[in-house]
Amino acid sequence: MDIYKINDIAELLDGNTYPGRGIVIGKTADGKKAVAAYFIMGRSANSRNRVFTERDGAVFTEPFDASKVEDPSLIIYAAVREYENKLIVTNGDQTDTVYEGLQNGMGMFASLTKREFEPDAPNLTPRISGMLTFADGDFTYEMSILKSIDPEGTGCARYGYSYPSVAGLGHFIHTYVCDGNPIPTFQGEPERVAISDDIDEFSDKLWNALDNDNKISLYVRYTDLKTGEKTCRLINKNA
């Protein structure tokens, strides 16, 4: 087993009908851009009734048809927010928890000690989070997953990972291993994936690799490390 293998993200997703929600963070192969991506999927009508919207540098999940919303508590939130030299990406309202923690001088991991997995038994969906910190023309990044320690949800296991940025390398974390009942939660460290230089190539590859029935939305941001210029792609199945 090659623990340093850099995988093609499409190959990791091939045939997987339900990896859930996913975060990818990394650096382009030419070393010039920071990359952050977030996608959502859904099996229920409530989950599928969503779109991404972007406002003032932040990305939100919102209802596609407000009249059909059943329970907004776990599906409507800010997924991407900026704070000073940091970019936060998460799969829930813990985006705001991290943002508020940063305002009070706390890091991402410390901020997330206030949170745990989602209260959606029997799945007990993990909370996944990532944060890029930009400095001196480069960046580092952190990723986290908060998941139940057992099927009953009696306690929360907390895993945190810190990475230097390396050209061509990204890390991919998602909420579920695959579909199931209950759905098995993500296992192990974030997966190592290749990051291409072209945002359209990467966005298309990721979007097309997601199961067509269950995918909902994808957001990808490339940030030029020299100029700070941001290039974004936002794809909604509910257009």
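Numbers here are sequence positions counted from 1. The basis for the numbers below is simple: all heavy atoms, side chains too, and nothing from hydrogens, waters or symmetry mates. Worth saying up front: this structure is predicted, and the values here are computed from it rather than measured.
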Pair Y77 + F60: ring centers closer than 6.0 Å: no
Of L102, T90, T140, the one forming a side-chain contact (heavy atoms from CB on, under 4.5 Å) with M131 is L102
Would you kindly say whether R127 and Q94 are connected by a side-chain donor-acceptor distance under 3.5 Å? yes
Can you tell me if Y219 and R221 form a side-chain donor-acceptor pair at under 3.5 Å? yes
Taking atom types as modelled and ignoring hydrogens, do the side chains of T97 and R115 form a donor-acceptor contact shorter than 3.5 angstrom? yes
Assess R21 against Y38: is NZ or CZ under 6.0 Å from the centre of the six-membered ring, and within 45 degrees of the ring's axis? no
Please determine, by modelled atom types, if N236 and S217 share a side-chain donor-acceptor pair under 3.5 angstrom. yes
Verify whether the ring centers belonging to Y163 and H171 lie closer than 6.0 Å. yes
Mark yes or no for whether N238, through its side chain, and F64, through its backbone, hold a donor-acceptor pair below 3.5 Å. no
Which of parallel (below 30°), tilted (30 to 60°) and perpendicular (above 60°) describes Y99 and Y83? perpendicular
Please find out if less than 6.0 Å separates the ring center of H174 from that of F172. yes
CZ (F134) and OH (Y141) are apart, to the nearest 0.5 Å, by 12.0 Å
Under a plain distance cut-off of 3.5 Å, with no hydrogens placed, do S165 and K27 share a side-chain donor-acceptor pair? yes
Side chains of D65 and S67, donor plus acceptor under 3.5 Å: yes
Check for a donor-acceptor pair, side chain of D150 on one end and backbone N or O of E152 on the other, with a separation under 3.5 Å. yes
From S129 atom OG to M108 atom CE, the distance as rounded to the nearest 0.5 Å: 6.0 Å
Got a second to check how far K226's NZ is from D138's CG, nearest 0.5 Å? 14.0 Å
Report yes or no: does R48 contribute a side-chain atom to a donor-acceptor pair with the main-chain N or O of A45 at less than 3.5 Å? no
d(E191 CD, N7 CG) to nearest 0.5 Å is 7.0 Å
Would you call D213-R43 a salt bridge at under 4.0 Å N-O? no
Output yes when a side-chain donor or acceptor of E189 lies under 3.5 Å from a complementary backbone atom of I173, and no otherwise. no
Please check: side-chain N/O of S196 versus main-chain N/O of E201, any donor-acceptor pairing under 3.5 Å? no
